Every structure is written in structure tokens, then in C-alpha cells.
Amino acid sequence: MTKAWPDREPEFARILEARLSRRQALGLGAVATSLAALGSIGRAVAETRGPSTLTFQEVEHGADATDHVARGYRADVVIRWGDPLLPGAAPFDPANLTAESQARQFGYNNDFAAFMPLPWGSKNSSHGLLCVNHEYTVPQLMWPGIKGREGSEGLSQAQVGVEMAAHGHSVVELRKTGGRWAVVPNSQYARRITTSGTEMRVAGPAAGDARMRTTADPSGTRIIGTTNNCSGGVTPWGTVLFAEENFPFYFGGKPSSQAEAAAYKRYGFSEKSRYSWWEYDSRFDLSKEPNEPNRFGWMVEYDPYDPASVPVKRTALGRFRHEGAGTALTPDGRAVIYMGDDQAFEYFYRFVSSKRVDLKDRAANRDVLDDGTLSVARFEENGVVRWLPLVWGQGPLTPANGFQSQADVTIEARRAADLVGATGMDRPEDADVDPATGRIYAVFTNNCQRTADNADPRKRPDPANPRPVNRFGHIIELTPPAGTGGAPDNGAEFYSWDIFLLAGDPRRADVGARYNPGVSENGWLACPDNVAFDPKGRLWIATDQGDNWLRSGSMDGLYGCDVAGPGRALTRFFYRVPAGAEMCGPCFTPDGRTLFVCVQHPSEDVDASVPLLYEKPPTRWPDFKPGMPPRPAVVVITKNDGGEIGS
Ligand code: FEO
Ligand code: CA
Ligand code: CA
């Protein structure tokens with residue numbers, strides 16, 4: 001198990017001192033100056049009131065059938081579900097969805113988006129590749145007559161084929177001409193990655209392991225497809241990472257009666273599959289292919305600049321319900337990736353590569369993510385976070401506890417993290433790194449299941465997850481210590497942490513929210529999910545409330561704020577999604593004058609007591625044509641005067 005704190009006192013004191021100096025430098029008010037006063041740390045949000053460097057006129061909280069952007073900006077759909085993407089793709093025909101058509105069209109439920117300038121290494125802000133995840137499908141809004149509100153039980157084989165082809169990822173070449181963005185037709189880069197049609201390689205410690213082998217792949221090194229791709233990230237060498245999140249939902253076949261039942265349980269498998277896939281494809285049937293789930297739940301890397309590149313499941317990064325990836329480099333040039341596992345009481349992870357990254361030779365980095373140290377975070381109550389390594393043979397990660405190799409540690413990363421004493425968090429979502437400071441902003445979306453007297457100490461409120469009923473989520477700021485030359489040493493064992501904000505309505509005492517006191521009646525947010533920095537170092541926060549919007553009173557959207565100075569944590573409301581949608585994937589062009597956002601599942605998240613009907617959706621955004629279903633879409637936002645986003 002982990003060492004006791006007194007062993008680490010000198011390191012601890014150094015982190016603490018750096019932490020206090022930073023807080024003084026930021027002008028955040030009175031700070032503790034002794035170990036005895038540490039109880040106050042972790043509770044501080046900005047104590048000064050505005051103004052923000054973001055000067056746009058805020059959108060109002062509310063809910064209606066369409067989207068809204070701050071005055072002086074325009075928001076245009078640039079691509080939507082079913083739009084032709086690959087050469088020869090059929091036009092979208094909602095009355096005749098086929099797997100063949102869908103595999104050449106833009107997929108469903110766009111979540112993560114990354115703008116990759118063309119060519120790689122340039123700061124081109126008018127031509128690039130938009131790399132987009134397609135997380136899941138909503139069959140009730142894709143076909144008439146689908147029963148139930150959640151999942152896709154009872155679909156036909158043809159419908160399942162469409163679903164599999166609608167999942168995954170898209171590469172879309174975009175160009176701005178005359179101030180307007182459009183998809184480049186017949187692009188050499190255009191690509192669809194799907195659950196059913198894209199072969200991937202497995203690399204890292206679990207590649208070839210016996211638990212990775214199936215009937216279709218006795219080598220345990222080749223996998224067809226990916227699923228539930230939520231958020232992602234971009235590496236410093238210009239590849240894209242996409243996360244495999246809620247993979248357990250896709251499997252059926254009595255998990256509790258299989259040899260891997262305990263592992264399935266730890267990953268949240270249910271006896272009843274949310275999808276029909278296992279009825280038609282035996283690899284999703286646990287009774288036939290008990291190892292197939294071990295081949296999902298990874299972080300996948302691919303090169304968008306090479307349309308023939310084979311995506312690689314990077315097993316060194318651990319297997320869990322991967323949400324996304326925040327990336328950085330250590331002062332000596334090794335890759336660092338921060339990753340959340342999105343379920344209540346799950347953990348926040350870090351991977352640090354062994355090899356240094358070569359920014360001059362992209363090809364030299366093809367195996368960088370296959371060897372390194374995966375760690376998990378323990379948030380101590382004194383404002384220090386400790387990274388606990390998940391290394392086979394160390395501490396409890398031994399054969400005595402069922403770990404025969406590093407493959408077992410990565411395949412069962414959750415159980416390994418349990419044993420080393422990680423802090424269970426309020427649903428870890430996305431994380432991003434401030435490129436100017438190296439600080440990490442980690443998002444925890446909500447969790448209402450903590451109780452003060454819970455028998456499991458992980459499930460009691462703690463300083464990093466202070467609200468027992470955390471309906472609206474929070475954001476934690478992690479600060480690595482200064483390394484050689486003053487650069488953030490994000491390979492260090494200890495960081496410091498602060499609560500950046502506690503979300504929800506700050507005017508309601510029972511919510512317990514905390515922001516910059518200058519936040520307006522429209523500027524507070526609920527259930528943060530995806531985050532991104534703009535080129536000026538402001539943090540943009542996308543929300544995903546599910547049906548919590550019925551409590552907050554506003555649909556999801558995008559909020560921006562400073563992370564330092566008087567506007568720290570002064571969130572301001574910039575863009576609001578249409579009824580029933582979720583806000584995802586904010587990303588900027590390098591000049592900060594274009595913002596791409598993803599509007600996921602319009603019409604889905606409305607009153608759960610009302611049946612979700614294809615014939616009567618709450619909105620038909622963005623087409624608003626009779627017979628045309630609501631369509632998840634990527635929206636491009638520009639300022640009418642061509643200025644920077646946020647001004
Ligand atoms: Fe797909 Fe955790 O959001
Ligand atoms: Ca998410
Ligand atoms: Ca989400």
C-alpha cells in the first residue's frame with residue numbers, strides 16, 4: 001500500500017510552499033501560511049470580482065427549439081448526421097437508412113472535436129481537418145416505432161448495422177472561403193472510423209495477452225472497431241486520441257455467469273444490454289466471446305494526416321470508461337496524458353511516457369504511448385495530490401491479488417487503482433492543460449450518491465468532492481511543481497490542487513455553488529463535461545446536464561472564463577443548444593477567430609416521463625423540415641466583424 005505521509009514531508013513541504021506562493025501571486029486573498037491552516041486550502045475560488053477578459057454579451061439561460069449564440073456572432077451548421085463525407089456517399093435519406101450509406105456519411109452524436117491545421121505544424125486557421133467522435137445512437141429519433149426511452153432493444157439486424165456504422169469517428173476537411181467555412185468535397189483526408197468496419201491494432205502491455213484473444217483474433221492484437229467514443233485529445237506530435245467510454249452497455253449474454261464476472265461487475269456491466277448488437281453479432285455476446293469486452297475501454301490513437309493510418313488501442317494507458325485526454329510534455333520532453341474514468345466514485349489517471357517525444361520527426365513517436373507509467377490520483381485533504389503508480393509487482397499489484405503481469409494491471413486498471421488507495425471522484429469527465437502554466441483543469445460532472453456515514457470511505461464526502469449531493473458538478477485545478485528552468489514538472493509524484501469552481505446556481509444556498517462573485521444570473525453553469533483552452537488561455541466549459549436541465553432551468557451550452565486575474569472562475573454564457581441536446585467538443589482555430597462546437601442528441605434529454613417519438617420530436621433542429629428528424633451537428637461560430645471569439 002502507499003507510504004505514510006511523514007516519509008514524504010520534505011517533498012510535501014516544497015509543494016505546499018510553491019502552492020502558497022502561487023496563490024499569493026494570483027492575488028487570491030488571504031492564504032494559509034502554516035501547515036496548521038491548511039484546512040482552508042481547497043476551498044478557495046477567486047475572491048475578487050470581475051471583470052472578465054471575455055467581453056461578449058451573454059446569452060440568456062432558457063430552453064427552446066433552436067440554438068443561440070452571443071450577439072454579434074453567427075453560428076452555422078457545417079456538417080450534420082448523415083451528410084455525405086466520403087467520395088460517392090449517398091445523400092441523407094431518413095426514410096432509408098442503410099449501414100452501407102451510413103459508413104460513408106457523417107456519424108451520429110458528435111462529441112469530441114479537434115481542429116488540426118493543414119499542413120501539420122502550421123497555424124493555418126482557414127484550412128484544416130476537423131476530427132470528430134460519434135459517441136452513441138438514439139434509435140427512437142432515427143426510426144419510427146422504436147419503443148422505450150433508453151437504448152435500442154428490439155432493433156432489426158439492418159438497424160443494428162446502421163448503428164454500428166454511425167458510431168466511431170470522422171475526419172472532415174474544412175476550408176474557410178470568403179469568411180465562410182465549408183466541407184471540402186472529395187477530400188483525400190476524409191475518413192470514417194466505425195465499430196463494424198475499421199481494423200485496429202493493439203499495442204502496449206496487454207497486446208497479445210491471453211485475456212485479449214478471441215475466436216476472430218487468436219493473436220489478441222487486431223480488433224475491428226471502437227465504440228462509445230466520447231471525448232479525446234491531441235498529442236504534441238499531431239495525432240488524435242479518442243476515448244472508448246461506456247463500452248459495457250454494448251454487451252449482452254449474462255455477465256454474472258461468465259468466468260470474468262468479477263471484472264465485468266467492476267466495470268459496471270448490467271445483466272440487460274442497452275443495445276441489440278449481441279443478438280446479431282456474437283462478439284458482443286459474452287457467453288460466446290467472454291474476452292471481447294477486454295478489447296474495449298481503451299484510448300485509441302491515430303494519425304489524421306494519413307488517411308491510411310491504422311488506429312492503435314494504447315493499452316499502456318489503462319482500461320476504464322475513458323472520457324478524454326489532456327496532453328502535455330514534461331520539461332525533459334516525455335508525453336503526459338491526463339484521463340478521467342466517467343462513473344460515480346471512479347478515478348483520475350495520468351500516464352507519463354518513458355521515451356522523449358521528437359517534435360521534429362512525427363514518425364519517431366509512433367510507439368511513445370506504449371511504454372511508461374500509468375498512475376492514479378489521490379487527493380489529500382491538505383491540498384496535495386499524489387500520483388500512485390500502477391506498476392505490476394509494486395505494492396499490492398502482485399499475483400497474490402490476481403495480477404500476473406502488467407497486462408492484468410492495465411486490463412483491470414480500476415481494481416488496481418482501488419488497491420493502491422486512489423480517491424473516488426464525482427464522475428471524472430474531460431481534463432485539459434493550460435498551455436501557459438501547465439495547470440490541469442479536471443472536470444467532475446455530478447454525483448448524488450455520497451453519504452457521510454457510508455461504509456465505504458471512498459463514498460463519503462471529502463475535500464476534493466465536498467458535496468454529498470453534487471447534482472451540478474465541479475472543476476478542480478491541479479498544479480504541478482516547478483521543475484528545472486521553472487517549467488511545470490508534470491512528471492512529479494506530488495502536485496497541489498484547488499477547487500476551481502463548484503457549479504450550480506450560486507443564489508441557492510442549498511446548492512453550495514462557488515464561483516467568482518461577479519458571475520451573472522446567466523453565467524453560472526451546471527454539469528461541466530468537455531473543456532478546452534482558447535489561444536488566449538481562457539477556459540471554455542461545455543455542459544451535459546441530462547435531464548438536470550429541468551432543475552437548472554436552462555439547456556446546456558458553452559461558458560467561457562479566465563483562469564487567473566480578476567476574471568478567474570467568472571463563467572460567462574456564450575452559446576446555448578436546442579431542446580434536449582448536449583454541448584460537446586469545443587475547439588478553436590490557432591488564431592482564435594473560429595470556434596467549433598458539437599451539438600449532440602438534439603431532442604433526447606427532455607422530460608423522461610414523455611415518450612420519445614420519431615414522429616413528434618421536441619425539435620427538428622437544425623433542418624426544421626417536416627419529416628426530417630433532429631440531427632446531431634457540428635456548428636461553426638465566428639464573429640460578424642471577424643474578431644476573436646470571446647471579444
Ligand atoms: Fe460521454 Fe462521460 O461523457
Ligand atoms: Ca463527456
Ligand atoms: Ca457527455
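First listed ligand is number 1; within each ligand, the first listed atom is number 1. No hydrogens, no waters, no symmetry mates; every other heavy atom, side chains included, goes into these values. This structure is a prediction, so every number in the text was calculated from the model and none was measured.
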Nearest to the Ca ion (ligand 3) - the N/O/S atom of Asp529, by atom name
OD2
Are Trp524 and Tyr559 close enough that their ring centres sit under 6.0 Å apart?
no
Restricting to N/O/S atoms, is Asp342 within less than 2.8 Å of atom 1 (Fe) of ligand 1 or not?
no
Between Tyr575 and Tyr73, is the ring centroid distance below 6.0 Å?
no
NZ or CZ of Arg538 within 45° of Phe588 ring axis and under 6.0 Å
no
Testing the 3.5 Å rule here: is there a donor-acceptor pair between the side chains of Asp111 and Gln600?
yes
What is the OE2(Glu245)-atom 2 (Fe) of ligand 1-OE1(Glu429) angle, to the nearest 10 degrees?
150°
Below 2.8 Å, can you find an N, O or S atom of Asp430 next to atom 2 (Fe) of ligand 1?
no
Glu582: which N/O/S atom is nearest the Ca ion (ligand 3)?
OE2
Metal check, atom 1 (Fe) of ligand 1 vs Glu135 N/O/S, cut-off below 2.8 Å:
yes
Glu323, N/O/S atom nearest atom 2 (Fe) of ligand 1:
OE1
Distance-only donor-acceptor check, side chains Thr226 and Glu244, under 3.5 Å
yes
Distance check below 2.8 Å: does Asp529 bring an N, O or S atom to atom 2 (Fe) of ligand 1?
no
For Asp544, the N, O or S atom at the shortest distance from the Ca ion (ligand 3) is OD2
May I ask you to check whether Tyr264 and Phe251 place their ring centers less than 6.0 Å from one another?
no
Could you check whether Trp81 and His134 have their ring centres less than 6.0 Å apart?
no
